[in-house]
Every structure is written in structure tokens, then in C-alpha cells.
S.K.: 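Handing you this structure, nothing more for now.
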Amino acid sequence: MTTTPPPWPGDPLPERELELAAADRAVDALCRTRPEGGLLVYSGAAGIGKTSVLARVRARAAERCTVRTTRADPGTTAVPFHTARALFAPDLADTDGLAALLGPHRALAGPALGLTTPGEEPADPQGVQDALVALTARAARRHRARPLVLVLDDAHWADGESLGWLAALGPRLARLPLLLVVAHRPTEHAAEESRPHLDALGTAARLRVTLRALSPEAAAGLTRRALGTGADDALGRALWDATGGSPYELAELLARLREHPLDPGADQASAVRELAATVRGHRLADRLGGLGLDAARLAWAAAVLGAGIPLRLAASLAGLSPGRQATATGELRAARVLNPGDTVDFTHPLVAGAVYDAVPRSLRTTFHGRAAWLLTAEGHSPAAAARHLLEVHPDQDPALVEQLRRAAREHLAVGAPDAARRCLERALREPPEHHLRAHVHHELGCAALLTSPADTVRHLRTALELPGLDDTLRADATFRLAQALAHNQQMREASLSVAFAAATTEPGPERLRLQAAHFMYDAFRATEDDGPGRSRRLAQLADPLAGETNAERALLTLRAFDGMLRGENHTVVAEFCERALTDGHPAPGLGWTDTAWGFEYPCLAGITYAWIDELDRAEELFGEAVRAYEISGWSGGHLAFAHMLTGAVLRRRGRLAEAETRLRESLRLADRIGTGLPVHWDAVCLLVDTLLARGRTADAQRLAEARGFGPPYPDAMILPDAPSVHGRLLLALGRTDEAVAALEAASAVAERGRHNPVWAPWRRDLAGALATRDPERARALSRRLRVDAERFGTPTALGMALGCEAALAPAGAAPALHARAVAHLEESPARDELARARVALGLATGDRDQLHRGLLLARTCGADALAEQARSALA
């Protein structure tokens, strides 16, 4: 894209030496033997000279680097990934190297960059953003001989999707052979959703400069340079007074004065002020008035179409023949409205904005409507024309509604849900025909699911209240409504929504789907009203099922999960899991990326396996989840959840250091999409539990305080039992009274019928806390823990229960109990529990071999405090 050359070509930019020197240093760092990338951000008001600075930066960098540049435009703010496509246009045109550039992310980056046709299903926005970041890294490495410099002017008008990509790229630039240079106006001039991205770019920048107005001395120097040495300082001062030191306005005035010098006898200050008024605001567009109607209509059409569109289309929109277009174009260039070229390119954004504002309102709306038709006729997609349809006045046009709905589907397919939302919101204002309104609300709710759960809830509830949805769509809308409510920590509302829908749906597959969802969201509630009653109803419904349909498999999965929480015998629970899966894997339609049933069911199967000591099965399922999400580009909440579940398996195995790494990665991924989500609570709870197992109590405390882990808890169940973990943290901190109170509160899980002693080990910790202050109660807790463990029957549960009993037993009885605990835990996958039991046995008996074996195992697990305890005993 061409840009306006500096008004003083060939000369140094006045009072911009420091800004340009910073760019020179950044380019020097990029061109070293070991390249160091970075980010420069220039900001300032309109006309302050950002474009001139970037022009010099580009010119200097081009001597040693490969430079890619573009300037954002108000007309493309609503076009997803437009800026990304423009920046990489030369690389994308290189067909020989395109496959290597796209790499394994072709399915995600290709549609976003307009290279491949998008699929039918919505693309994960976070996955697309990550794919573009990876593509940028590959592009940077391809240009090592002449390092890559990306230059973006007027970033405040860039589309939000491209800005999100650049903001994600910013923190990684120091490790890439890539320099990013960005210029933008103050963030209040950007779209609301773009402001956080511009702020993030500023935070990541190695240099962030706010350009200032020129001084009177600089204005005087430029005046002499432009008008000759005979121009006195008084004229320079008058020009500075009239422009406030704005480089753009100063350059425009000097250009006017070169063409039409002031009358020597005139009042210079007054004449300059009058002339200055014509280069700003609405007066800036008045110059069109003297050029004739053809020039004005061509300029108006160009302003509506936006930069980069062929001028022949602007002429067609304006209703001009080729001959009249040529005349009008020449007049606009002579008047410094358009730059030379075959595409729309205004001499300055201020000119483009002033011309657009000058278009008569009724004509502007007409132009936007015709522009959408012209672009569609040229072969552009509905998504490309949609930005014009957003500006058309509502007129109950069914065709426009359908165009906007198609555009929204395209936006979703390339990972731009915000753009889809804008199209569907505009479609509602048209409005749609009566029988389609529920469909548009349903589509709008689905579009907002990943970005705004509250909007999703509002639109899906409206869709369900309106006529027009068949049973399948009503069930889908209800299911997604429940997902959004659960995502928003409203588990009770999620449960009620599917319960009501199930009660009013005719018997059949959709009703079973809703019934399964009702059981699931009730099970997810931390404060369920009647847990035992729900468990009985679920057992009556699910126990006879063979798992022949997905509805049956979903109910069997819930039955297995519920049995695990209740502490039923683990072999019975495992048998339900087997019936719920197909050859040990989720059935087609119930997989990790299938959206009809949701990812919760395979998650519950894996979680169940993890807590019945079938960790190989759990690890296989969760490994499939990570691979499925990475291949599909689902790198948002789903991938964060998959990493959290993998961390849970590592924690259960006692591979504590690996578990900590995986759980921190889960938190990192989850933080990118928001805070306070269910995955945050689960990952933090597991990470606190892991740090305590490692003996890093201070780290666990800092994490809990930073993340707000503790009561009050959300209504959603936390993995594992959060009150038990919080009580153990308080015990480790020596706050025994608070710990006892917290662990007493944790006993509420038993009231809800959940007696799994491994999932919620509150009895073991409470018994230990009460060992000296209330030994009888401690022994009663230990006996009940033993009962629950024998009923559940896993080696881990039995070993933990026997270890608790041994800790409270008389000295003579303790060694035998410790030995039995070790024997059970040798059959358990929980290596850290075995290490703990060996050390306890060694301490109780003085057996150095047990202490030594416990020490080695504790070191392998990463249980640092336990290893130190064993080492001290051996010493």
C-alpha cells in the first residue's frame, strides 16, 4: 500500500532523531550474528507524524532487512484477519514456499489468511491465534539472511483478530529474529475490543514513544526549507500558532503556500489562520466543492469502499464512466485527496475520514448497500461484504438477513466469533422474518459461547421462548445454554434448564440426551439438594443399559462417575466404564471434539479411571484429548482442561514434579481466556495439593492466596475435593484450629453420599489433626475411613486407611499396620503414597532398609520434604 511521502523528502525529520535512533538500534540488534527481535510502538494524535516516522524506519530497515508493511483502515476494522493477510501478502503469494510456511497449522491459518476454504464447524479462536503466531515464527526463520521487519501503521483501525495475534506475538519477539514496529493513535480512538490488545503491545514493547508536536523552532526551519531562505521567522511562528505544531497541518499549509504565496501586504497571521482552517475538520473536505460533482462522488465512493479497493469499483459505485473516472481521478490527485495508483489510497487518514464524514447520510447508506452488492458480484465472500451490510439501515429485508447469517458462519469458521456476533446482532435489527427469529438468536448464542457466556445465556433463552425451533434445535439450544451457565459457575441454573426441557420433550434420543445432561449438571453441583436420591434414580435408569447408543453410553459414564464418588467397589465402577466406552475409547459422536454431546463425558470416564487406580486407562484417554485438541487447533479452555486432567493423573501416580509442570501449563492456557473458570479452580486445587505433597508449603500458600483458593467455593464441584485440600494446607501451615474447622466442613461430602476416601481424604487429615486433642474421635474417624476403603477396595484407598490407623495405634500395634499399608500400596500406582508408607514403617520399626527405599522413592517422586525426613532419620 502506498503512503504519503514526508513533506520534506530527503531531509531529516525534525525533532524525531531520538525516535529514529531507537529504531536504528532495534534493527542493529536484529541484524547481529545472534539476532535479537523486539517491538517498537509509536503513538500520538492524528497528524502528529507517525506515518512519516514509519516511512523513515522502513527505508532504513530495507537496506539490511526484509520489510513487510501495511496501514490499517477504518473500512477494514470489521474484516477479520485483514491486517494479518496484508502484512504477509508477499509471503502468501510465494506458492513454492507456502506449504512450509503454513506447516502443520494449514487447517487453521489457511482459512484465516484467505488461502483455503473454511470448514463447516467453527474454528477455535485461540487455536487460530496460536497458528498465526507459529506461522510468524516460521516466516521469521525463513528470512534469516535479511531479517524480517513487520511495520503496521494506524494499528488503532486494525481488526481485533489481527491485533489479538500481534498482542500474543509481542512477548515472544525477543526470542525471534523479527522486529515489529507499530504506530497508533491514543487507544480511545480504537474499537473497544481492540484496546486491551493495543495496551498489551505497549506493555511488551522494548520502546514505547508518544510523539509530540513540533516546536516553533522546528516550524520555522521547515518553513525556510519549503519556501526558501527568504521566509522569515514571523511566518514560521504564525504557521506554528495556526497548526499547534501538527506536522501534517504544517506540511499541508506549506504546500498551499508554495502554490499560492501570501500577498506581501496581507496580515500574515490572519491569512495563515484562515488557510489553516481549510486543512482540518469539515473544512478539509470542502476542497472537493471546487472540483465538481464527479470528483466529489468518486471521493465519497472511495471513502465508503476503503483503502486498497480498485478505483474502477469506486467509479462504478459513483456511477462514472471510464472517461469521467479518469478526469475525476486526476482532479482528486491534483487536490492532494488521492495518491497515484489504481486502488483507493487517500493522501492521509485525516483526509479519508473527512471525506467519509462529508458523504450525505442517505447517500452513504445507499453506497454501503451497493458496495456490498458490488463486492459480491466481484466474487468476494459474504464475510467480505458484511462490513458494508452492517451500515445499511434496517428495512425488513430477508435477503440481507440471509447474507448476514452466511457471513456469520464464515466468520465462525475462520475463528472470528466477535465478527460473527456483529453480523447476527445486525440481522436481528433488520429484523428477520418471524419464523427465523429463534434461529438467529440460537446462532447468536452459539457464536458468543466462547467469548461471552452472559450473552449466550440471554440469546439462547430468547431462542427457546420463541417459536420456530424443531426438537433437535431446541435440545441443542438447551444443551448449549446449560454449558454457558456451567461455564459461568451457575450449576443449579444449568441443571434446572435441562431438567425442564427433558420434562417437556417427547420420548426419544433428544430427551435421553437432556436427561443425561440433567444428571451430569446435578452431579457437578457442590451443594446438591438430594445427592443420594439422584444417585438412586441414575442407578435405576443406567444399570440395565448395555451401552448400545450414545445416550446409553452417556448415562453409563455418569453412573460410573457417580459410583466412584460414592465409593462403590472399584470393580463395579470399572465395569460401568467398560460399557460406556467402545474398545476403551469414546464412541463416535462422544469424542473429545464432538460438540453435540460435549467433551464432559469422556472427561468423566477418564476421571473415574484415575480415582479407581486404573491410571493407565486414564492416561491413555487424556493423552488422546491433548492430541485431539492440538490437531484440531482447540488451544483454549478445552486444551487447558486436557492438560489439567493429565496433571491429575501424574499427581495420582506420584510423579509430582511432572504434575506441577503440567498443571502450571494448564493455568497458563486457562489465563488466556479469562479468570474464575471451572478449569482455574480445578488446576489450582490440584496444584496446591501437589505442592503440599512435595512439601513446598510456602509455595502452596502463595498460590492459594494469589488465586483466591479457599471458601467460599463456587457451586461447581472442584477436582479433587477442595475443602479437603484447603484443610490440609491449613494443617501444613500449623493453623490447626482453622484446619479442623475446614475439614469438618469438608465432611459435607459424606452427607451427599460421596464416600470415596481418595477423592475426599478429609477423614485421614482430620484424624491426624485430632490425634492429641480428641483421640477417641480420631480413632472413630480412622475406623470409618477403613470401612469406606474396604468397600471401595483399591490398593491406594486401603493403604491410606491402614496408614492412618497405624499413626493412631499403640506403639506395639503400629508396625504391623504400617507393614500392611506398604503391602497394599506396593500394588498401587500412587508411588508417593508408597514412599510415605515406607518412611512411616521405617520410623516405627527402625528399619533402615525401609527408610532407604522410602528415601529413594520420595526423591523419584519429587516429594522433597518426605525425602529430607527419611534422610535425617538415616543420618
Side-chain angles (χ1 to χ4, degrees), residues 76-82 84-85 105-132 159-165 191 193 380-387 389-390 400-428 432 436 438-460 462-463 469 473 476-477 479-481 483-484 487 593-596 598-599 629 631-639 673-674:
T76 58
T77 302
V79 182
F81 302 109
H82 179 274
R85 288 194 293 272
H105 301 96
R106 180 182 182 85
L108 287 167
L113 295 173
L115 299 172
T116 57
T117 303
E120 294 294 326
E121 293 297 321
D124 176 49
Q126 189 64 61
V128 174
Q129 184 182 103
D130 290 346
L132 290 177
D159 60 276
E161 291 76 15
S162 293
L163 281 179
W165 152 61
E193 60 265 26
H380 293 271
S381 66
R387 72 177 184 89
L389 298 178
L390 297 176
L400 186 143
V401 171
E402 186 55 33
Q403 279 183 289
L404 288 167
R405 292 176 69 193
R406 287 203 304 270
R409 288 193 287 272
E410 287 189 30
H411 288 325
L412 288 174
V414 301
D418 285 332
R421 172 183 51 79
R422 288 192 294 269
C423 289
L424 293 168
E425 286 174 344
R426 174 61 187 83
L428 281 179
L436 290 177
H439 289 261
V440 178
H441 277 288
H442 175 236
E443 292 163 7
L444 189 47
C446 294
L449 185 61
L450 292 175
T451 56
S452 176
D455 285 341
T456 294
V457 169
R458 177 165 54 87
H459 286 294
L460 290 178
T462 302
L469 299 182
L473 277 180
D476 183 75
F479 196 78
R480 292 177 187 273
L481 172 61
Q483 282 183 315
H487 186 81
T593 58
D594 292 312
T595 57
F599 75 108
Y629 292 144
I631 290 170
S632 302
W634 291 22
S635 57
H638 291 83
L639 185 59
I673 57 174

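A quick note: this is a predicted structure, and the numbers were derived from the prediction, not measured. Count residues from 1 along the sequence. For the numbers below, each heavy atom of this structure counts, side chains included, while hydrogens, waters and symmetry mates do not.
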S.K.: Looking at every heavy atom in both Ala109 and Leu132, which two are closest together, and how far apart are they?
M.R.: CB-CD2, 4.2 Å
S.K.: If you look at every heavy atom in Ala419 and Pro80, which pair is closest and at what distance?
M.R.: CB-CG, 3.4 Å
S.K.: Run the numbers on Val457 and Leu481 for side-chain contact (heavy atoms from CB on, under 4.5 Å), then give the verdict.
M.R.: CA-CA 6 Å; Val457 169; Leu481 172 61; 3.9 Å; yes
S.K.: Hey, are the side chains of Pro417 and Pro125 touching, using non-hydrogen atoms and a 4.5 Å cut-off?
M.R.: yes
S.K.: What distance separates Leu108 CG from Gln126 CD, expressed to the nearest 0.5 Å?
M.R.: 11.5 Å
S.K.: Would you say that Val79 contacts Asp159 through its side chain, given a criterion of any heavy-atom pair below 4.5 Å between the two side chains?
M.R.: no
S.K.: Thinking salt bridges, do Arg405 and Glu402 make one under a 4.0 Å N-O criterion?
M.R.: yes
S.K.: A side-chain contact here means heavy atoms from C-beta on lying under 4.5 Å apart; do Glu161 and Asp418 qualify?
M.R.: yes
S.K.: Is the backbone of Glu120 close enough, under 3.5 Å, to the side chain of Arg409 for a donor and an acceptor to pair up by distance?
M.R.: no
S.K.: Mind checking the NE2-OG1 spacing from His442 to Thr456? Nearest 0.5 Å is all I need.
M.R.: 10.5 Å
S.K.: Between Trp634 and Tyr629, how do the two ring planes meet: parallel, tilted or perpendicular, split at 30° and 60°?
M.R.: parallel
S.K.: Testing the basics here: between Ala427 and Val401, what is the closest heavy-atom pair and its distance to 0.1 Å?
M.R.: O-CG2, 4.0 Å
S.K.: Salt bridge check: are Arg422 and Glu193 linked by an N-O gap of less than 4.0 Å?
M.R.: yes
S.K.: Roughly how far apart are His439 NE2 and Leu424 CG, rounded to 0.5 Å?
M.R.: 13.5 Å
S.K.: Taking the side chain as C-beta and beyond, is there a heavy-atom pair between Thr593 and His638 under 4.5 Å?
M.R.: no
S.K.: Check Pro382 against Gln403 and note the closest heavy-atom contact, atom names and distance.
M.R.: CB-O, 4.0 Å
S.K.: Please report the shortest heavy-atom distance between Ala413 and Gly119, naming the atom on each side.
M.R.: CB-O, 3.4 Å
S.K.: Crowded around Arg406 CZ? As in, over 12 foreign heavy atoms under 6.0 Å?
M.R.: yes
S.K.: To the nearest 0.5 Å, what is the distance between CD (Glu443) and CG (Leu436)?
M.R.: 8.5 Å
S.K.: Using side-chain contact (heavy atoms from CB on, under 4.5 Å), reason through Val440 and Leu404 one step at a time and then give a plain yes or no.
M.R.: CA-CA 10 Å; Val440 178; Leu404 288 167; over 6 Å; no
S.K.: For a quick test of reading the model, state the closest non-hydrogen atom pair linking Pro111 to Val414 and the distance between them.
M.R.: O-CG1, 3.6 Å
S.K.: Would you check if Arg426 and Leu400 make a side-chain contact, meaning some heavy-atom pair closer than 4.5 Å?
M.R.: yes
S.K.: Is Arg480 salt-bridged to Asp476, cutoff N-O under 4.0 Å?
M.R.: yes
S.K.: Counting C-beta onward and ignoring hydrogens, is there a side-chain heavy-atom pair between His441 and Leu460 closer than 4.5 Å?
M.R.: no
S.K.: How many angstroms lie between CD in Glu121 and OG1 in Thr595, if you round to the nearest 0.5 Å?
M.R.: 5.0 Å
S.K.: To the nearest 0.5 Å, how far apart are OG in Ser162 and CD in Gln129?
M.R.: 10.5 Å
S.K.: May I ask you to test the Asp130-Asp124 pair for a side-chain heavy-atom distance under 4.5 Å?
M.R.: no
